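Remarks on the structure that follows.
The chains referred to below are lettered A, B, ... by the order of the sequence lines, with proteins before strands, and numbering in each begins at 1. Worth saying up front: this structure is predicted, and the values here are computed from it rather than measured.
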Amino acid sequence: MESNNITINGNTLTFEPGQTILQVAQKNDIDIPTLCHLKNTIPTTTCKICVVEIAGRTELIEACATAAADGMIILTQSLKVTKERRKNISRLLASGNHNCAIRGFDSQDWTSFQLGVLKDDGKEDLCPVWGDCELQDLAYRYQVKTLGLPLNGCKYETERANPFIIRDFSRCILCGRCVKACREIQVNNAIEFSNKGADAKIITKNDAALKDSDCVFCGECVQVCPVGALISDKSYRDKRFKDTQKIRTTCSYCGVGCQMDIFVQDNKIVKIDGADVDLPPNNASLCVKGRFGYEFVASSERLTQPLIKKEGKQVPVSWKEALDYTAQKLSEIKKNTGPDSIGVLTSARVTNEDNYIANKFARAVLKTNNIDHCARL
Amino acid sequence: MTNTIADIEDSDMILITGSNTTENHPVLSSFAKRAVLKGKKLYLIDPRKVKISEHAEKWLRPFPGTDIAWINGMMHIIIKEGLENKEFIENRTENFEALKETVEKYTPEYVGKITGINAQDLHEVARAFAKAPAATILYCMGITQHTCGTDNVKSLANLSMLCGQLGKPGGGVNPLRGQNNVQGACDMGGLPNVFTAYRPVNNDDARIGFEKAWNVEGMSAAPGLPVTEMVQKAYEGELKSLYVIGENPLVSDPDLNHARKALANLEFLVIQDIFETETTKIADVVFPAFCFAEKDGTFTNSERRVQRVRKAVQAPEEAKEDWEILCEIATRMGYRMSYSGSNEIFKEISALTPSYKGITWERIEKKGIHWPCPDETHAGTPILHTAQFTRGLGFFHAIDHTPPAELPDENYPYILTTGRILYHYHTGTMTMKTDGLNILSPECFVEISAADAKQLGLDSGSMVKVSSRRGKIEAKLKVSSKAVDGTIFIPFHFAKAAANELTNAKLDPTAKIPEFKVCAIKIEPVTA
Ligand code: SF4
Ligand code: SF4
Ligand code: SF4
């Protein structure tokens, strides 16, 4: 029988034909860093961070785009690999305006590096995603410094001409994840690579602003961008993205029921991301409503007090008064004109638990079957 | 849905009808679009050339309200060409002969006259559907919101059964639920005729079972009124009180003029909601409630997957949970209802709902489960009807085409169809509180074809008055390639120009769904 075994860092692992080295490694919890790989899409091999060494080959190869073959002996952390990764990380850092101070840090510990950056925080030009950037993480991990290299100025102006997504190509590392997210995951086909060598850029049709393009603001590209080139406007407008809690829940708009992670700061939602890429039903995707349509939660227009109409005008009252009054009126009507003179409209918006109680309330308390919801409308 | 969302990507042929999938179910539409990337075929049959058409092999355009005709036409072709799944028909269905007889007269020529679809296209779709190893049907309100909505759905089921496309991966008849928890509201007995898990209120065993469990006597065995009839009874003065939980019927109901009078007629209107709406404004009592981000609980999605909802933020200080408000009132009315939290309610649901019996919050902590899930060792049921249908054999309903209740005439020459758009949701109470969504989609519009606009001598941006026999609104014209001559689309989200001022409240006799998708209107320029 044909065997399907490879050895990674001394561990013998089985694989399924067609799997890449990266997939085998990830399945076995072996970390191979990458900045351009995006699950369920075709590899672009632009970042060259996932390079590994294969016994018997002089060239390093990209783990994301190389199929595992029986008998392969792979090293993911050899000196040669580490050197190549450091070289590629500094190439990426030098390629744009990565001014989060990772370029110049000389401390060996993360905390004092962060404190250092904190000093610069609030300055207009400091990259807004520091602390939440995959390139920064890797630069720190591989101790890459680029202070000697010239800071690459901003070739393109930052685009803020839409309410949700900021595009700052001075920080784009041309990894291509956004293009794959847009074309292969969401299939909205709004953006692509422009093929102009040193001036390569991610563009919409005719390089129009997002708001004038086919973009539907699903935000999938923002979610996958490893750096600060694509960011959600609202999330970064006020505060740096830190000290947040993350809560997994279900989207409350349409019946797809996307799983999402809500990020909360001081009892306020600051960002919503799609949940895990392996979790159904949405595999980390969201649409514009689910991702960006959360401002209503903290709206100042929320109802905050029970109201009773008195002499034709609604006035705020205590809970006790409103509940007593409602119970009394409903009992009266039930007695005078019968249970079936009352109806309940429950809702396709509220939880199963709420709906169940509404159903029990109508049938067991009011004793009517006049209960329905507006789903058909 | 009989099948799962993920299943769509593995389908060989996807037939979408009456659904503006990319705008109403965006993430689900990606599964269909990815299937196309993998070389699978997608066909769209819809009165509007909606965006998903860009990914379709072909777009077929029926006149609004003629769905039964083209479905029967497809079945006619399939039977004529011997492409039906004889084994499936033999083993899993009954009443095939009656169906065969009915569709006999739906020749492609006859269907073409009714629907405007050309014979060659109909042949192509029929063959593709019948021959695909797995073909799925995705549909939405464009199928159900008609006076013949129930028959439309049955016809789609006929088509799927005829080709043996039900009960297998990549197949099925899949209604896409518009609102997040439509499925759950129905499962939980939020319907006039059934308890949880669709057990009829007039079934003595079911009712007596609930009386015992709930410790009450004398529950009604008579099916109650659906929402549309409640509104009518309120209008007539027979319904005195309405208790509304998180709905805004004064934008979402058909024929708003009539609905407004009906609700004004009520003696006592109570509403629980998170915002002031057109409806709360006229209520006698308004209770402030929690929104989804403040609640613990569950929603059940379109594919019957029961999923957790978790509290992320604190609710406004004075608000209360929807269920809690109801419990407080029940207790004051002499029936004690009290729960320590929604998990306790869910346990009661599981105990009394066979299809949810095996589901616990612990089991769905990471990943939701598809009902039916009869016990705690059961993994759930992603695909329905794999071995048999709920009633045993699948029944072919022989159905004839019936025209919509109101068709255009000299006075009202256009057909109006209504629906949602990407950036807003339902009556907009939530989405219109997000500035960005308002910027991208600030106001109502009247979508019209270029030719119709030209004939009116108007262009995009012109203010027009749109009227039907029931009401009128004003909004800006928007010339769009999605529109087809003679058919106008208006989104119903906007209270200021509510499309439902115009719509027809005429109901489907079985499902009691109003005919939102077809009514007759006229368009006139507004002179400033
Ligand atoms: S927001 Fe969505 S549609 Fe727009 S570019 Fe990003 S991925 Fe594409
Ligand atoms: S915008 Fe972000 S995701 Fe897109 S190519 Fe640039 S760095 Fe990569
Ligand atoms: S994120 Fe969009 S597609 Fe997903 S459930 Fe919410 S509204 Fe539906």
Applying a strict 4.5 Å limit to non-hydrogen atoms, the region of A:Leu366 in contact with chain B is side chain
Does any heavy atom of chain B fall under 4.5 Å from the side chain of A:Asp324, the backbone, both, or neither of them? both
Positions in residues 308-318 of chain A that reach chain B, provided some heavy atom is under 4.5 Å away: A:Ile308, A:Lys309, A:Gln314
Could you look at A:Gln259 and say if it's the side chain, the backbone, both or neither that has a heavy atom under 4.5 Å from chain B? side chain
With a 4.5 angstrom heavy-atom cut-off, is it the side chain or the backbone of A:Phe292 that approaches chain B, or both, or neither? backbone
Answer key: most heavy-atom pairs under 4.5 Å with chain A among B:Asn438, B:Asp187, B:Val194 is B:Val194
Check: B:Gln307 side chain, A:Gly257 main-chain N or O, donor-acceptor pair, under 3.5 Å: yes
Residue A:Asn336 excluded, over 12 heavy atoms near CG under 6.0 Å: yes
By ring-ring contact (aromatic ring centres under 6.0 Å, His included) - contacts of B:Phe268 (at least two apart): A:Tyr325
Would the A:Trp319 and B:Phe287 ring centres measure less than 6.0 Å apart? yes
Flag the pair B:Glu348 and A:Lys360 as a salt bridge only when some basic side-chain nitrogen lies within less than 4.0 angstrom of an acidic carboxylate oxygen. yes
What part of A:Cys218 gets closer than 4.5 Å to chain B, counting heavy atoms only: side chain, backbone, both or neither? neither
Is it the case that A:Arg363 places NZ or CZ above or below the six-membered ring of B:Phe210, under 6.0 angstrom from the centre and within 45 degrees of the axis? no
A:Ser252 versus chain B, the contacting section by heavy-atom distance below 4.5 Å: both
Using 0.5 Å steps for rounding, measure from the OH atom of B:Tyr425 to the CZ atom of A:Phe296. 10.5 Å
